[in-house]
Amino acid sequence: MTTNTDHPTRTTRDGDELGHARWWPVSMGLVRRSLGNIMRLPSAFIPSVLMPLVQAIAFSGTYYAITQIQGFPTDRSINWFMPLAVLMGSGFAGIGLGFSAIRDLETGFYDRLRMTPAPRFALVTGPLFAAVVRAVVVSTIVIAVSTALGARLAHGPLGLVPLYTASIGIAVIGGGWALGLAYRFRDMRAAAIMQLTFFLLLFLTEAWTPIEVMEGWLEVVARVNPFNGILGLARLGYMDAPMTWGDAWGGLLAIIVFGAATLLFARRGLARLADT
């Protein structure tokens with residue numbers, strides 16, 4: 001390969017010409033495009049806000065008597081269900097990337113991107129950054145409305161840190177998983193798998209009741225489900241018990257491990273797409 005000594009380029013094995021385009025500006029361009037779609041297609045974003053709000057309100061009202069369980073960690077049912085709703089909204093902010101990626105694959109947008117010198121990893125990081133921004137927006141709205149309806153932090157503003165950490169982590173996990181499936185299936189067949197797996201992982205936890213009062217197979221699954229730790233992390237600031245590292249490390253570890261695994265899954269899916 002001949003290079004110009006005034007403007008040297010370095011080519012990776014994926015064909016990324018890093019001297020022509022760095023991953024950061026390309027990623028930010030994809031973030032702006034993704035967020036711009038909110039203004040152009042608000043009907044695709046509004047449900048991701050309304051769904052967790054409806055869940056937080058409906059669950060906390062329907063299951064209000066759950067606070068009467070002996071030893072229940074809070075006297076407000078919305079404190080228990082609001083973090084679950086936040087994670088649902090954040091997860092679907094990530095999974096929504098898969099739907100967008102499928103549309104871009106079907107319309108040929110990805111083919112045009114692959115013909116440019118843009119670093120290929122930016123096609124993963126850009127959408128994921130956009131998912132994180134969407135997750136933060138959705139989480140903030142749900143928290144604000146829930147606070148107006150009676151949700152209260154048990155440990156002051158510091159309690160928001162684990163909630164936002166879990167929210168961002170779930171968005172990254174959902175986004176990596178959705179992108180990996182989109183790159184492999186390349187059509188809407190992947191949509192059902194994206195949603196079903198996420199629902200199962202999140203709901204087969206302490207979503208409804210503390211694990212101590214569960215019985216049968218659900219208790220067994222909830223105890224080994226890593227998402228149970230992430231949900232526990234999200235709830236830390238709203239439970240009456242003190243926030244401790246022992247309660248937080250399991251959720252943080254699950255976010256790191258699942259986040260790395262889904263990013264690798266998405267990256268390999270993109271490499272497979274480039275080979276075809």
Taking side-chain hydrogen bond (donor to acceptor under 3.5 Å, both in side chains) as the cut-off, I'd like each qualifying pair that reaches into residues 149-174, sequence neighbours left out, listed once.
Ser90-Ser167, Ser139-Ser167, Thr140-Tyr164
Does the Asn79 side chain pair with the main chain of Leu153, one donor and one acceptor, at a distance under 3.5 Å?
no
Between the main-chain N or O of Leu202 and the side-chain N or O of Thr205, is there a donor-acceptor pair closer than 3.5 Å?
yes
Can any side-chain N or O of Ser77 pair as donor or acceptor with the backbone N or O of Ser60 at less than 3.5 Å?
yes
Is there side-chain contact between Arg267 and Tyr183, with heavy atoms separated by less than 4.5 Å?
no
Sequence neighbours excluded, the answer for side-chain contact (heavy atoms from CB on, under 4.5 Å) partners of Ala131 is Leu97
CD1/Ile230 to CG/Asn225 distance, rounded to the nearest 0.5 angstrom?
8.5 Å
Would you confirm whether Asn228, through its side chain, and Glu206, through its main-chain N or O, come within 3.5 Å as a donor-acceptor pair?
yes
Mind checking the CG-CE spacing from Leu105 to Met188? Nearest 0.5 Å is all I need.
10.0 Å
Less than 4.5 Å apart, side chain to side chain, heavy atoms only: is that true for Pro73 and Trp80?
yes
Determine the interplanar angle of the Phe227 and Phe198 rings, folded into 0 to 90°, and report it as parallel if under 30°, tilted if 30 to 60°, perpendicular if over 60°.
perpendicular
Counting only N and O atoms by type, is there a donor-acceptor contact under 3.5 Å from the side chain of Arg184 to the main-chain atoms of Gly180?
yes
CG-CG distance between Leu201 and Leu231, expressed to the nearest 0.5 angstrom
12.5 Å
Evaluate the side-chain proximity of Leu84 to Gln55: yes if any heavy-atom separation is below 4.5 Å, no if none is.
no
Does some side-chain heavy atom of Met82 sit less than 4.5 Å from a side-chain heavy atom of Leu163?
yes
Relative to each other, are the rings of Tyr63 and Trp208 parallel, tilted or perpendicular (30° and 60° limits)?
tilted
How about Tyr238 and Arg76: do any of their side-chain heavy atoms sit closer than 4.5 Å?
no
Give the C-alpha distance, both sets of side-chain angles, the deciding distance and a yes or no for side-chain contact (heavy atoms from CB on, under 4.5 Å) between Leu263 and Phe258.
CA-CA 8 Å; Leu263 285 176; Phe258 272 74; over 6 Å; no
Aromatic ring centroids of Phe199 and Phe92 under 6.0 Å?
yes
Which heavy atom of Ile102 sits nearest to which heavy atom of Ala182, and what is that distance?
CG1-CB, 3.8 Å
